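Residue numbering restarts at 1 for every chain, and letters A, B, ... go by the order of the sequence lines. Here the structure is a predicted model, which means the values were calculated and not measured.
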Amino acid sequence: GNSVTQMEGPVTLSEEAFLTINCTYTATGYPSLFWYVQYPGEGLQLLLKATKADDKGSNKGFEATYRKETTSFHLEKGSVQVSDSAVYFCALRGSTLGRLYFGRGTQLTVWP
Amino acid sequence: GAGVSQSPRYKVAKRGQDVALRCDPISGHVSLFWYQQALGQGPEFLTYFQNEAQLDKSGLPSDRFFAERPEGSVSTLKIQRTQQEDSAVYLCASSQGIESYEQYFGPGTRLTVT
């Protein structure tokens, strides 16, 4: 079946620190992989995606590479800002009708 | 343009009451999804519509949960005889196409069953 395992939080960093949030997955077929972000008081927003192995998704300084050999899609950012404080969800979409499978979410807090 | 909207934003129900949660997707979006997000967890799939057809309801946790989208636009998720374990945020998402399109999420309805 399909599932996502995500690094547990919370993660607390100082501004300009390097961020990694680990995500691994189990899937049948050839899934697409996503990172969603939920800012305080707002709905889920797509941050980045990758649809096939070795693709790199990137947006707002965040990156993640679809690694089929390690079934991973780790989220990275070289220099975090206070405004990046949010909950981050790793997700996959299998081949069935577009439903998403989410990880538990990782709370990130960035201090000035 | 307008995004996905949901109403009410907050709902408190006494155990045993019926509730109805509404989702207004982005105009013209074919696909509509409902997810349930318990506190501290990621969203869990409930059901999926393609236009007015409910093509997947495998995530509905019991027969107390019912969803409809009669005209292929607005959708309603109904929960009968609410239980405390139904307390969660209910998220609606819509997408332009069937499989390969981005899902846009609404702000959610927070349901608290007392």
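When heavy atoms are compared at a cutoff of 4.5 Å, Gln38(A) approaches chain B solely by way of its side chain, counted from C-beta outward. For chain A, no part of Tyr104(B) is nearby; none of its heavy atoms comes within less than 4.5 Å. Only the side chain of Ser58(B) comes within contact range of chain A, judged by heavy atoms closer than 4.5 Å. Residue Tyr36(A) touches chain B through its side chain alone, counting heavy-atom pairs closer than 4.5 Å.
With contacts defined as side-chain heavy-atom distances shorter than 4.5 Å, the pair Leu100(A)/Tyr35(B) qualifies.
In the displayed structure, Arg64(B) atom CZ is contacted under 6.0 Å by more than 12 heavy atoms of other residues, nucleotides or ligands. Summarising the local packing, CD of Glu69(A) is surrounded by more than 12 heavy atoms from other residues, nucleotides or ligands at distances under 6.0 Å. More than 12 non-hydrogen atoms from other residues, nucleotides or ligands lie less than 6.0 angstrom from CD of Gln107(A).
Leu46(B) and Tyr48(B) fall into different hydrophobic clusters, where Ile, Leu, Val, Met, Phe, Trp and Tyr side chains are chained together by heavy-atom contacts under 4.5 Å. Ile26(B) and Leu77(B) sit in two unconnected hydrophobic clusters of ILVMFWY residues. Membership requires side-chain heavy atoms under 4.5 Å apart, directly or through other members. Val89(B) and Trp34(B) fall into different hydrophobic clusters, where Ile, Leu, Val, Met, Phe, Trp and Tyr side chains are chained together by heavy-atom contacts under 4.5 Å.
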Run the numbers on Phe102(A) and Phe45(B) for ring pair (Phe, Tyr, Trp, His ring centres under 6.0 Å), then give the verdict. CA-CA 9 Å; Phe102(A) 286 89; Phe45(B) 170 80; over 10 Å; no
Could you give me the CA-CA distance, side-chain angles and deciding distance for Phe89(A) and Gln37(B), then say whether side chain to side chain contact (heavy atoms under 4.5 Å, CB included) is met? CA-CA 12 Å; Phe89(A) 293 91; Gln37(B) 186 176 14; 3.3 Å; yes
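Residue Phe33(B) holds its CZ atom at 10.0 Å from CZ of Arg99(A), rounded to the nearest 0.5 Å.
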